[in-house]
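Here is the structure we will look at.
When a residue number appears, it is its place in the shown sequence, counting from 1.
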Amino acid sequence: MWVRTAGERDLAEINALLVTTWHDTYDPIYGVEKVTEITDAWHSVAVLKPRLTQPNSEFVVVDTGERICAVAFASSADGRLIHLHQLYVLPDAQGKGAGGLLMDEIIDSFPEAQRVRLEVEETNAQAIAFYERKGFVEIGRTANCGEDDSGLPALILERTLG
């Protein structure tokens, strides 16, 4: 299992990974219809493609040699604060180190960074526990996770680097 930069040929598989992971994690919270609506809007190939060339960002996957089992996307406007927009691991690959590999790669990709910030669904105990093990602490809350007017509440977590 290794980390590599996402490419255009990966987008359909990344989309499938995100849809699978979102339904597994969020169907009990938001319901199947809402999760389908979100994944259609946020994780389509058309939405993912511009991330491949977005300046000041990193779009990476964990590849097992047989499949992509995890994905992360982060950006930084100033190089000092990394915004981790996505870090998802397929349900059957969780707990095997892929998330940690992605986190390390994201942090290493922004050598001047002093902090990493993310939003996480406040009832997603498994994700919160993962981030806390990685040194993140809660610094606030938002009523609109992911995008303006999403209506999805989330915790804002941050980790100081260095």
Side-chain angles (χ1 to χ4, degrees), residues 1-27 35-36 38-121 124-138 145-147 154-162:
M1 159 166 78
W2 69 94
V3 179
R4 64 174 175 79
T5 300
E8 191 165 351
R9 70 183 186 282
D10 300 319
L11 295 177
E13 191 173 358
I14 292 169
N15 166 261
L17 179 153
L18 291 168
V19 169
T20 297
T21 305
W22 264 72
H23 278 291
D24 183 74
T25 304
Y26 297 115
D27 282 1
V35 172
T36 298
I38 292 169
T39 58
D40 287 351
W42 293 2
H43 306 306
S44 70
V45 169
V47 170
L48 296 171
K49 188 174 181 178
R51 294 180 183 176
L52 296 171
T53 57
Q54 181 174 324
N56 307 311
S57 71
E58 195 66 26
F59 191 13
V60 291
V61 297
V62 173
D63 192 324
T64 68
E66 296 176 3
R67 68 179 181 160
I68 293 171
C69 69
V71 63
F73 177 71
S75 65
S76 180
D78 64 5
R80 293 187 309 264
L81 174 62
I82 302 168
H83 291 279
L84 181 61
H85 304 285
Q86 292 181 312
L87 192 155
Y88 292 101
V89 179
L90 281 170
D92 68 349
Q94 292 175 7
K96 298 176 183 172
L101 287 173
L102 288 174
M103 183 66 69
D104 291 346
E105 181 67 23
I106 291 296
I107 290 169
D108 290 347
S109 296
F110 298 92
E112 302 301 315
Q114 299 168 356
R115 296 172 292 144
V116 183
R117 185 177 295 162
L118 60 93
E119 297 174 353
V120 61
E121 211 306 321
N124 188 345
Q126 186 175 350
I128 294 167
F130 168 79
Y131 291 122
E132 287 176 344
R133 285 192 306 273
K134 297 296 179 189
F136 286 81
V137 295
E138 182 180 338
C145 183
E147 64 181 33
L155 303 177
I156 301 170
L157 304 183
E158 191 171 276
R159 173 179 161 188
T160 302
L161 304 174

Partner set under ring-ring contact (aromatic ring centres under 6.0 Å, His included) for Phe136, not counting sequence neighbours: Tyr131

Of all heavy-atom pairs between Leu84 and Val116, which one has the smallest distance, and what is that distance? CB-CG1, 4.2 Å

Determine, step by step, whether Thr25 and Glu121 satisfy the side-chain contact (heavy atoms from CB on, under 4.5 Å) criterion, reporting the C-alpha distance in whole Å, the side-chain angles of both residues, the deciding distance to 0.1 Å, and the verdict. CA-CA 10 Å; Thr25 304; Glu121 211 306 321; over 6 Å; no

How close do Leu17 and Cys69 get, counting heavy atoms only, and between which atoms? CD1-C, 3.5 Å

Is the shortest heavy-atom distance from the side chain of Ile82 to the side chain of Leu161 under 4.5 Å? yes

Gap separating the OG1 atom of Thr36 from the CH2 atom of Trp22, nearest 0.5 angstrom: 11.5 Å

Ala41 backbone acceptor or donor facing Ser44 side chain under 3.5 Å: no

Name all residues meeting the side-chain hydrogen bond (donor to acceptor under 3.5 Å, both in side chains) criterion together with Gln126; count only those two or more places apart in sequence or in a different chain, and write none if there are none. Gln94

Looking at residues at least two apart in the chain, or sitting in another chain, which of them share a side-chain hydrogen bond (donor to acceptor under 3.5 Å, both in side chains) with Lys134? none

Heavy-atom closest pair, residues Asp27 and His23: OD1-ND1, 2.7 Å

Please name all residues satisfying side-chain hydrogen bond (donor to acceptor under 3.5 Å, both in side chains) with His85, sequence neighbours left out, ordered by chain then number. Ser75

Tell me, please, which residues at least two apart from Glu8 pass salt bridge (charged side-chain N to carboxylate O under 4.0 Å, His left out). Lys49

Determine the minimum heavy-atom distance between Val61 and Ala6, stating which atoms define it. CG1-CB, 4.1 Å

So, the side chain of Thr160 versus the backbone of Arg115: is there a donor-acceptor pair under 3.5 Å, distance only? no

Test Leu52 against Leu11 for side-chain contact (heavy atoms from CB on, under 4.5 Å), laying out the working first. CA-CA 9 Å; Leu52 296 171; Leu11 295 177; 3.8 Å; yes

Answer whether the closest heavy-atom distance between the side chains of Phe59 and Val71 falls below 4.5 Å. yes

Using the test side chain to side chain contact (heavy atoms under 4.5 Å, CB included), find all partners of Arg80 that sit at least two apart in sequence or belong to another chain. Asp78, Gln114

For Phe110 and Ala74, the nearest pair of non-hydrogen atoms, with its separation, is CZ-O, 4.0 Å

Who pairs with Val3 by side chain to side chain contact (heavy atoms under 4.5 Å, CB included), at least two apart in sequence or on another chain? Val60, Val62, Leu101, Leu102, Glu105

Determine whether a donor-acceptor pair (N or O, by modelled atom type, separation under 3.5 Å) exists between the side chain of Glu13 and the backbone of Ile68. yes

Quick one: pull up CG in Leu90 and CG in Asp24 and give me the separation to the nearest 0.5 Å. 9.5 Å

For the CG atom of Leu48 and the CG atom of Asp10, what is their distance to the nearest 0.5 Å? 10.5 Å

Those residues at least two apart in sequence (or on a different chain) that pass salt bridge (charged side-chain N to carboxylate O under 4.0 Å, His left out) with Glu58 are none

The criterion is salt bridge (charged side-chain N to carboxylate O under 4.0 Å, His left out); which residues satisfy it with Glu138, sequence neighbours excluded? Arg141

Can you check whether Trp2's main-chain N or O pairs, donor with acceptor, with Asp63's side chain at less than 3.5 Å? no

What's the separation between atom CG in Leu18 and atom CD1 in Ile38, rounded to the nearest 0.5 Å? 12.5 Å

Which residues pass the side-chain hydrogen bond (donor to acceptor under 3.5 Å, both in side chains) test with Arg159, sequence neighbours left out? none

Tightest non-hydrogen contact, residues Arg51 and Ser57, listed as O-OG, 3.9 Å

Counterpart residues, side chain to side chain contact (heavy atoms under 4.5 Å, CB included), relative to Ala154 (two or more places apart): Glu119, Thr142, Cys145

Partner set under side chain to side chain contact (heavy atoms under 4.5 Å, CB included) for Arg9, not counting sequence neighbours: Arg4

Separation between CZ (Arg67) and CE (Met1), nearest 0.5 Å, reads 10.5 Å

Do Glu158 and Leu81 have side-chain heavy atoms sitting under 4.5 Å apart? yes

Under a 4.5 Å cut-off applied to non-hydrogen side-chain atoms, are Val47 and His43 in contact? no

